[in-house]
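Notes for the one structure printed next.
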Amino acid sequence: MTYRKKLIEVALPLEAINVASAREKSIRHGHPSTLHLWWARRPLAACRAVIFTSLVDDPDDPEAPAEFVAACRALPKGPNATASDTPRQRLFDFIERLVTWEATTDEEILEQARHLIRLCTDGNPPPLLDPFAGGGSIPLEAQRLGLEAHASDLNPVAVLINKAMIEIPSRFADLHPVNPRDRAGTAQGGSWKGVAGLVADVRYYGEWMLDRARERIGHLYPDCEGEPVIAWLWARTVKCPNPACDAQMPLVRSFDLSTKAGKRAWVEPSVDPRTRQVSFEVRLATRGKGPEGTVDRQGATCLVCHTPVPFEHVRAEGRAGRMGAQLMAIATEGQSGRSYYAPTPKHERAARVPIPDGAPNTDLPAQALGFRVQAYGMTKHRDLFTQRQLTALTTFSDLVADAREQAHADAVAAGLPDDGVPLRQGGSDALAYAEAVSVYLAMILDKQADLGNNLNRWEPVAQCPRQLFARQAIPMVWDFAEGNPLGGSSGSWQVLVDNVTRGMGASSFNFRRDKSGYATQGDATKLTVDGPTSISTDPPYYDNIGYADLSDFFYVWMRRSLHGIYPDIFATMLVPKTPELVATPFRFEGDTAAAEYHFEQGLRDAFGQMRQIIPPEYPLSVYYAFKQQEIVAEAGAASTGWETMLRGVIDAGFSIVGTWPMRTEMGSRMVGQGTNALASSIVLVCRPRPEEAPSASRAQFVRELTIELPRALKELQSGSIAPVDLAQAAIGPGMAVYSQYRQVLEANGERLSVRTALQLINQQLDEYLASVEGELDADSRFAVAWFEQFGLKDAVFGEADVLARAKNTAVDALAARGLLQAGAGRVRLLGWHELDEGWDPRTAEGPSVWMAVHQLVSRLNSHGEEGAALLLARMSADLAADARQLAYRLYSICERKGWAEQARDYNGLVAAWGGAQVQAAALRDRALRQGRLDF
Ligand SMILES: C[S@@+](CC[C@H](N)C(=O)[O-])C[C@H]1O[C@@H](n2cnc3c(N)ncnc32)[C@H](O)[C@@H]1O
C-alpha cells in the first residue's frame, strides 16, 4: 500500500504543543469545558495539533503536493525557520501558533490551517470519528479545523455533551434569539453570529426558570438577619456509642469558616452538661482558628464525652439509617462581604421538607472506583442530596420542560417555521430549537447538582461551597455546605447560568463551523459507520476512571429533564455499565484478572473495528493515558499496560509508526526554561498493516533498526525534541520497523515479543546517543566517562590519572582548563555553578564540548535564555551542534542513574535551545552590521 507520509509520522514541534496544553489547564473562563464536567479531558491544543498533523503532509518530503510546499514556504518565518529555513520548519512555526489558546479564536490562523489541510486532501478533507469521545475535545477540534466531526460514546452523558459541543451549534448557527427580550434587541439591529442567538435564549430561559423557581420554592430559602444566605453549614451526626453518654455527636472535619487574613471566623461548639446537647456559636476574630475537628483519618471523637469512636460505629449507624445532620452556621452575603450567624430554629425548620415526588430513586453501585459513601448507608443517588436540595433540583428539572414549552411557543411567535420534526430526527425548526435550548438548560441543572449536594465542602479561603467533583471520586464528607440555589453567589442558579452562557458565548466555542457535527451513542467494539472516515481517539485506560458509575450522578438528572427529547439515549434507568471498557474488579465479583481481560479484549475488538473502517490515506491516532503511579514508576520503560496497548494495536492489524509523549501538567520550571515534567499520555500513530505483510527474523529486524532508528532520531532532534521525551518518541520509529511485519520470529521460531522489541529499541537509542562520544575532543571524552562513573562526587587521583591517559589527556591539563578540581589525592568534576564565568569559547585553549555544555547550562540557569544566547553567539556552529548532542547524551546518563537535578539542567538546555539560537543569530547579525566583533 503506498501513501504519503503525514507530518505526525515524521516530526512534531512537541515542546510548543506541550507548553500550550499545559497552559490551557489554567484557563477557567471561556473554555468549552465549562459547559459540562467530564473527567480527564484532553487539552484542545494537543487534539488540534494531532488532527492537523495527521492530515497535512511533511512538506520536506519530495512527494508532498507542490502547492502545499509552496504554501508552507510562504508561511511567516519564526524561530524554527530562522534556525533552518525549510518548508517543514516554516510549518512548525505555524503549528506553534496554531496550538496556542489565542488561536482558538483567531479565524485567520484557523482558516490558514483549513486551507493547508485542503491542499493535502485533494480539497476534500475526510470526516473524523472519535469512538471514545467523552468530553468531546477531539471532535470539537476536528470541527474547528473544518472537518465533519463524528463523536460516539457509550455513555449518554458524554453523548449529550458532544451534541452540545458539535451537533447543536452547527445546526442552529446564525439564528436570531426567539425570546421576547432579545427579539426586541434584534429589531434594533443586533448581530447574532454563530451561536450568539442560542446563547441569548439559554440565558433568557435559564433566568425565566429562576423566576418561577423563586415562586415555587423561595420560602425554603429565608434570609438571615435581613441578608441573603449563601450557604447553610451542616455537620453529620451519629449517636455516641458510649452508653453513659448517648449524645448525638457531630462529625466535623474543620470548624473554620474563614481563614482569610485579618477576617477569621469559625464555629465554636459548646455542650449543655444537663441535656448533653451540642450547640454552635460563631466566633469572629482577626487572628486564631477554630477548634480541632472531631473526625480525622483514624476515626471520630465524641464532643460530649471525648470518647474515641471508630469508623465502624459511624458506618453502622449510617447503614441503620441513623445518621442525621445538625446546622452549625449560616453564611450570608452582608454589606461588607461574608457574615456568619449561629443556627436558628427557623433555619433548621426551613430545611426540613419531605423528599419530593419524582426525585431519582436509583441505586448507587454497591462498590465503584473512588466511591466511599455506600459504607455509610448512602446507597441511592438521592442520598447524596439533602431533602431541600432534592426539592430544588426536581423543581428546576420540571422547569426545564416548562421552559422548553415556552421557548417553543416563543419560537413560533418569532416566526420560526414549525414542522414538528424533533431534534433527534434532525429537526431544525421551532420544536427542535426549543429542545436544543433545553439541552443546555439541563446542563446547567447538572452544574447545580455538582454544587448542590450534601458532599460539598465549605471552602474557607474563597468562603463558598466547593463542587463535589474536584476529583474522579465520590468521597465521604462530614461537614458540608448547602448552597442557596436561589441566591446570587457561587453555586446559585444565576451564577451557573452566567458561567455556562459565558462558556458558550466565548469565541473559543462560538467559532465558524463549516461542517456539521454528529454525536451518537455507540459501543466502540461494535462500530457502524457509513463510508470511510479518519479516526483519532482517546480510549479509557484500565481502572483509571469509572466513567459510567461517576456519570450516573448527572445522568439521573439529565434523564429526568431530557428523557422525552432523546428516549433512545435515555432508555436505561442508569448509564449502561456492562459494555464499558474499564478494568474494575467490582463488576466481576472481585476478579481482577477477569476485569483486565474484559478491558483488554474490548480494546482489541475496538481496534479491530477501527482497522475495518479507516481509509489507507490517513493514520489513526490513539491517546494512551498513563496512570499517575505509572508515570513515576515506569514511564518510558515497558510497563505492562503500555506493552498490552501496543500489542493490542498491532494484533488488530496496525503498524505503529509514531509515539509522541504529551505533557499536560505544568512543570515548575516550565515557564522559564523548558519543562522536565514527564508525559501524562502518549499519542500512538498507526497505519493499517497490509494483509499480505511478511514475517521477518530477529536478525533482519535488528539490522533494519540499526539503519532506520538513527535516521529517525536525527529527525526527532531536528524537531527540537526535549531529551526527556526522546526515549518515548523513539519507540514510534522503532515499532514502525517491528510492526510492519506480520510477525518477527526468534531463531527458535517463537514470536519476538513486544517487550523484547522495546528493549532492542532502547539499546539502539543508547548506542546512538553514546556514539556522540567517539567524535568528542579528549577532555570531553574523559569528562563523560568520569561523570558516568562518579557524577560530581570526588574519587581517588589514581583512577582519574589512568582514565585521562586512556583518553589521551592529563589530569593537570584538565584542571588548568577548569573542568575539574584536583588536590589531596582526590579529583572531582566541577559543577556548572563552579565554572569560570569569564570563559570565552573564542579565546579558550581548545574549547571542549563538555565545557561548552556546562557553560551554557550555567548561563541559562543564572541569566536565562538571553544569557545562553550571548554565549552561543560566540561559539562556532560545530561546537554548538556538538554541545547540543552531548546534552542529550548527558541527560540519558542522568536519567539512568536517577540524577534528577542534573537531568533537568540538560533537558532545560535543549528545550531552550531554539529560542537561544534565534537570539544568538540576531546578535551575530547586529554585530556584523555594526562591524563589531564583540556582543
Ligand atoms: C478517556 S475518555 C475520553 C475523553 C475525551 N477524549 C475527552 O477529552 O474528554 C474515554 C471514554 O470512553 C468511553 N467508553 C468506555 N467504554 C466504551 C465503549 N465500550 N464504547 C464506547 N465508549 C466507551 C467512556 O465513556 C469515556 O467517555
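Remember, it's 1-based here, ligands and their atoms both numbered in the order they're listed.
Ring orientation note: the planes of Phe554 and Phe469 are tilted relative to one another, at an angle of 30° to 60°.
The two atoms that bring Ala49 and Ile17 nearest to each other are CB-CD1, 3.6 Å, heavy atoms only.
A salt bridge (charged side-chain N to carboxylate O under 4.0 Å, His left out) check over residues 139-148, counting only residues at least two apart or in different chains, returns the pairs Arg48-Glu141, Glu141-Arg144.
Within 4.0 Å of ligand 1, counting heavy atoms only, the contacting residues are Trp38, Arg41, Arg42, Pro131, Phe132, Ala133, Gly134, Gly135, Gly136, Ser137, Asp153, Leu154, Asn155, Gly522, Asp523, Ala524, Asp538, Pro539, Pro540, Tyr547, Pro579, Glu580, Leu581.
A donor atom on one side chain and an acceptor atom on the other are found under 3.5 Å apart for Gln601 and Asp605.
Counting heavy atoms from C-beta outward, Leu455 and Val373 have side chains that approach closer than 4.5 Å.
Residue-environment remark: CZ (Arg424) exceeds the threshold of 12 foreign heavy atoms within 6.0 Å.
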